[in-house]
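Let me begin by presenting the structure, written as C-alpha cells, before commenting on it.
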Amino acid sequence: MRRMLILFAVLGLPLYLIGCAAETSVTRPITVTVTPMVASVPVGQTQAFIATVTGTPNTGVTWTLTQGGAACSPGCGTFAPASTASGSPTTYTAPATAPANPQ
C-alpha cells in the first residue's frame, strides 16, 4: 500500500499540478438575430429585414431564398442587397405573382 501511495505521489502529483496550471479558453457562442422574426409580405410588396451577428469577428450576412431546400430566387422574391454587414438592413421584394408551388 505504501508503494502505491509513493507511486501516486511521484506520477500523479506532477500531472495534477500541470493540469491545474493549464490555460483554459472559453468560446463564446455565435448568435444570429433576425428582425422581424415573422413577416407576411403581400405579392409585389417589400419588407425590410435586419440580421445582427455576435460572437465572431465575421459578421457579414448573406441573404438567400429557398423553397423545399433549393434556391428559388427570383421566383419566390429577391433580397437587395444580397449581402449586408451585421445590423444593416436588406429589403425583401415579393414576386409580382404568387409562386406556383408555395410551401
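Across all their heavy atoms, Pro95 and Pro74 have their closest contact at CB-O, 4.4 Å. For the pair Ser83 and Thr62, the tightest heavy-atom approach, listed with the atom from each and the gap, is OG-OG1, 3.9 Å.
Side-chain atoms of Thr66 never come within 3.5 Å of backbone atoms of Ala70 as a donor-acceptor pair (strictly under, hydrogens ignored).
Qualifying side-chain contact (heavy atoms from CB on, under 4.5 Å) partners for Thr59, counting only residues two or more places apart in sequence or in other chains: Val53, Ser86.
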Validation: residues 40-52 side-chain donor-acceptor distances under 3.5 Å, sequence neighbours left out:
none

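Each ring pair (Phe, Tyr, Trp, His ring centres under 6.0 Å) pair with one or both residues in residues 66-95, not counting sequence neighbours, appears once here: Trp63-Phe79, Phe79-Tyr92. Legend: disulfide bond (SG atoms under 2.5 Å apart) pairs involving residues 42-99, not counting sequence neighbours, sorted by first then second residue: Cys72-Cys76.
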